[in-house]
Amino acid sequence: MKSLLSTSASIFLFAGNLAFVSVSVSAAGIPAICQQSAKQAAVHGAVYFINNDGNANKIIAHEIQQDGTLKFGASTWAGGRGSHGNEAPAPNGPDALFSQGAVKVSGNHLFTINAGSNTAAMFEINQENPTKLHMVGTPVSTGGEFPMAMAVDSKRGQVCVANGGAVNGVQCFKADNKQGLIEIQNTLRPLNIKQSTPPTGPAGTVSHILFSEDGTKLFASVKGVPPTPGFIATWDVNPDGTLSPSFKSSPPSKGGLLPFSMTVIPGKNSILNTDAGVGFSVFDFSKGDQASSSVIPIGGQKATCWSSFSGKTGTFFLTDIGTSTVSEVKVDGNLKGSIVKQYPLAPNSATIDNEVATVNGKDFLYVLQPNATSISVMSLPSAGQAKVVQTFNFANDAKKGGITVDANNLQGMSAFVKA
């Protein structure tokens, strides 16, 4: 007998009259509207990165499922063009921007840069379907050339951009829910490094920008040109959002060369700083803007550049583009760093940007691997127990969606999870 659930019409009594209302029903007998609701309920968030294409930079979003794994989502034009730095020695490879922080999520907003257009843009994240983004306002000039990283202070609603080209330095903005990014006067500050546009690197390029945990300091990391080490620049952030006129410079201690990503060490007025030349450093700013530091080598590393922190494990996760390895490290109460465990991923996959997100009370690490056009998803149940639960190859889905994916251009990683 044919199930009544397969019918395509329902009868309702409305104001004494019979009304026939058409309802789309699946083969399984579930109304399409219910299927859509179920799909949205299954989506717990999204991860984002940019294709950094020189013709049309796009934000690529993948759905985070309830178990932390990913499904292909959608893409959104970022409002400008991407660009690739000039690698020395040639040819160009992955890590086009020589940076961490090309995409940042704060609350229900996403911020990103267009390196080829010298602009930054703000987007609202759709709460029901986080792969859908709506631009707020219009893209704005970053006040320099080759923007490559962003930092967000969610308490103050302040967004700062690091420019890494011939005109380099930082510029800050107010994030307005209706107008988008609004320039904050007296925040354009130079880094005074000699570079080109696009920059030549990775050595000698800007790496990252970060607010201190309390929002009163702004940091920018700059790689050295061996044998000269790089430095971390520190500006004071005033109550009105303006920056101190000049920065204080903190070089790494002996052995440090190429300061790259920065991640706050919670409660310590300190940061963990990856160093592509040695492993990582710990910078202690508790006694002022010129920090003391200690260098922690990672044996066998080639280019440890990106980092994130898991609140569940209390450890940091660092990725090495040269060895395609994730290194889990800890920093104790005395700011002494050590290696917990290392996790080799697919050889030559070029592990770059990574991000930790909490889904259903569990932490997951998302690692972008451009040479494999993939993202590895690692569950983080406790320190030293990380496990790959998915390696999601997005190449075919991107091609079907008409999205340009060049492994050498992909950059950034940030996440949004529904409250």
Side-chain angles (χ1 to χ4, degrees), residues 98-101 149 151 160 162 164 170 189 191-193 201-237 243-244 246-309 314-320 327-340 342 354:
F98 308 133
S99 71
Q100 176 165 309
C160 295
V170 301
R189 297 290 184 265
L191 276 165
N192 301 318
I193 62 174
T205 59
V206 181
S207 302
H208 196 197
I209 185 171
L210 179 75
F211 281 100
S212 61
E213 191 171 20
D214 63 5
T216 63
K217 308 290 181 184
L218 180 69
F219 306 115
S221 52
V222 178
K223 308 173 199 71
V225 179
T228 303
F231 61 92
I232 291 180
T234 306
W235 290 271
D236 293 328
V237 182
L243 303 181
S244 54
S246 59
F247 64 83
K248 300 287 181 63
S249 178
S250 299
S253 60
K254 186 177 181 180
L257 284 173
L258 304 168
F260 206 102
S261 70
M262 300 175 289
T263 301
V264 166
I265 301 172
K268 289 294 183 180
N269 198 12
S270 302
I271 58 175
L272 181 146
N273 172 229
T274 57
D275 190 311
V278 62
F280 68 101
S281 297
V282 173
F283 282 77
D284 180 4
F285 288 92
S286 62
K287 296 181 180 179
D289 291 349
Q290 290 179 301
S292 60
S293 67
S294 57
V295 172
I296 300 90
I298 296 178
Q301 78 92 41
K302 292 183 178 179
T304 302
C305 299
W306 297 269
S307 58
S308 57
F309 176 76
T315 55
F316 300 81
F317 292 85
L318 286 50
T319 42
D320 183 334
S327 293
E328 181 180 1
V329 306
K330 67 178 180 180
V331 179
D332 67 18
N334 296 316
L335 299 182
K336 182 180 179 181
S338 61
I339 299 170
V340 176
Q342 292 185 290
N354 66 74

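Atoms considered below: every heavy atom in the structure, side chains included; atoms not considered: hydrogens, waters and symmetry mates. Note that the numbering runs from 1 along the sequence shown for the chain.
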Nearest 0.5 Å, please: how far is CZ in Phe280 from CG in Leu272? 5.5 Å

Looking only at non-hydrogen atoms, find the nearest pair between Ala162 and Val170 and report the distance. CA-CG1, 4.4 Å

Does any part of the side chain of Phe285, heavy atoms only, come nearer than 4.5 Å to the side chain of Ile232, both counted from C-beta? yes

Please tell me if the side chains of Thr274 and Trp306 come closer than 4.5 Å, counting only heavy atoms from C-beta onward. no

Let's go through Thr205 and Lys223 carefully: what are the C-alpha distance in whole Å and the side-chain angles of both, what is the deciding distance for side chain to side chain donor-acceptor pair (under 3.5 Å) to 0.1 Å, and is it a yes or a no? CA-CA 6 Å; Thr205 59; Lys223 308 173 199 71; 2.7 Å; yes

Supply the atom-to-atom distance Asp275 CG to Thr304 OG1, rounded to the nearest 0.5 angstrom. 8.5 Å

For the residue pair Phe309 and Val264, establish whether any side-chain heavy-atom pair is separated by less than 4.5 Å. no

Proximity of Phe283 and Phe219 rings by center, below 6.0 Å: no

Could you grab the distance from atom CG of Asn273 to atom CG of Leu210, nearest 0.5 Å is fine? 10.0 Å

Closest heavy-atom pair and its distance - Asp332, Asn334: OD1-N, 2.9 Å

Between CD of Gln100 and NE2 of His208, what distance do you get to the nearest 0.5 Å? 4.5 Å

Search all heavy atoms of Pro266 against all heavy atoms of Phe316 and return the closest pair with its distance. CD-CZ, 4.4 Å

Please give me the minimum heavy-atom distance between Gly230 and Pro252, naming the atom from each residue. O-CD, 3.2 Å

In this structure, CZ of Phe260 is separated from OG of Ser281 (nearest 0.5 Å) by 14.0 Å

Can you see whether Ser327 engages Gln342 through a side-chain donor-acceptor pair at a distance of less than 3.5 angstrom? yes

Pairwise side-chain contact, Ile296 with Val329, heavy-atom cut-off 4.5 Å (strictly under): no

Could you tell me how the ring of Phe231 sits relative to the ring of Phe247: parallel (under 30°), tilted (30 to 60°) or perpendicular (over 60°)? parallel

Just verifying a value: how many Å separate Ile209 CD1 and Ser261 OG, rounded to the nearest 0.5 Å? 14.0 Å

